[in-house]
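What follows is a short report on a single structure.
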Amino acid sequence: MRKVTKNIYMDYAATTPVDPIVKRTMLPFFSEKFGNATALYSFGQEAKQALEESREKVANLIGAKPQEIIFTSSATESNNLALKGVAFAKASTNQGRHIIISSIEHPSVTETAKWLEAQKFKITRLPVDKYGLINPKDVERAIRKDTILVSIIHASNEIGTIQPIEKIGKILKAKIYFHTDAVQSFGKIPINVNKMNIDLLSASSHKMYGPKGIACLYAREGVKIEPILHGGGQESGLRSSTVNVAAVVGFGAACKICKREMGKENRRLIKLRDKLIKGVLAKIPGSYLNGSLKDRLSNNVNLRFDDVEGESIVIQLDLLGIAASTGSACSSGKLESSSVLSAIGLKPQQVHGSLRLSLGRWTKEKEINYLLKVLPGIIKRLREISGKL
Ligand code: PLP
């Protein structure tokens, strides 16, 4: 490993460290409290009790009933379960095969939709405006007689745009199932599944200071979904597998902390976020903010720079011990343009000049100051190297 002078983490949207309190709460469930939650003897019952208490904490964060929470291994799985689960439940009773999604969904939704398309389901992809916002009227206009599901991401993992979920929920209420991928908003901004008329919601523990490998799908009571995994019938028959109790306990503890800290933490992060955005735009010519400033997650900063590659900025920041992310995803060796940044109207060159900095629980003002000190020099040097200055 390379030795770095700083250790500044600005990629909280990718994953978060486990909160030390969460870790401490989990530890006994790896050793003395190891029971299988379905077993009848006391080891099992102890695990079962911890499982149900944690389910309550997760449900509490979004105003759901505990029995409406299905634990899964990841939000990728939750999104698959929501889309495929509804698609197959509805198709089996001939209720339709049309699904509406947005053009800024996470790959776990877009790829699932693509796969469903290959199974003869019909997919409508809604456009967004230059801030990444969906117009609820577009949702209304896209509804057909055979529409069975609308799936709209709550907050973008790339540009942090928060969608008008409550307005969309009102349009769909009691007519068409409404799923939202709330991975980036869960535990960060208030969500109430009843007030927002959400029928299905995906969330992931590792984005909110819980462990990896545990997530959930909220499914409103009465919503029909087909399971993907068949077996022992755990999680009300919707997700067979022995439940990872230690991880669930961590997820529950993380939810409790987020609920308690949300208001204060949002106010703190908004100050840091806005200082960073304003500082960069003032100090670096040819720099721009991607997405909306108004409808934005408190921890998301996504910037773009003329004549610079985001990848090069990430490498230069890493040399200084700062972890950040780009607007492009390098998958299987080839550089792919971010579909989210393209959907807000950016040209490929602009997409490749984008940088995502995501803040979190341990981001300090002095780290923002340090970034503001080093970033202008990095951009200037990279422009000089590329001959663009
Ligand atoms: N949805 C969004 C918006 C995400 O940001 C992510 C993770 O990056 C996922 C889904 C997938 O979550 P998981 O890592 O739990 O599979």
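First listed ligand is number 1; within each ligand, the first listed atom is number 1. As the structure is a computational prediction, the values presented were derived from the model and not from experiment.
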Take the angle between the ring planes of F186 and F251 and call it parallel below 30°, perpendicular above 60°, tilted in between.
tilted
Taking only heavy atoms of the protein into account, state which residues are under 4.0 angstrom from an atom of ligand 1, in chain and number order.
S74, A75, T76, N79, H106, S108, I153, N157, D181, V183, Q184, S204, H206, K207
Nearest atoms (heavy-atom pairs only) where G210 meets T16
N-OG1, 4.4 Å
Cation-pi check, R361 onto Y12 ring (under 6.0 Å, within 45° of axis)
no
Going by side-chain hydrogen bond (donor to acceptor under 3.5 Å, both in side chains), name the residues that satisfy it together with S102, two or more places apart in sequence or in a different chain.
E105
Acceptor/donor pairs from residues 28-36 side chains to any protein atom, 3.5 angstrom cut, sequence neighbours excluded:
| unit_1 | atom_1 | unit_2 | atom_2 | d |
| --- | --- | --- | --- | --- |
| N36 | OD1 | T38 | N | 3.0 |
| N36 | OD1 | T38 | OG1 | 2.9 |

Under 4.5 Å between side-chain heavy atoms, chaining through other members, with only Ile, Leu, Val, Met, Phe, Trp and Tyr counted: pull out the rest of the cluster around L83, sorted by chain and number.
I70, L81, V86, F88, I99, I101, V109, W115, L116, F121, I123, I148, L149, Y177, L200, L217, V223, I225, I228, L238
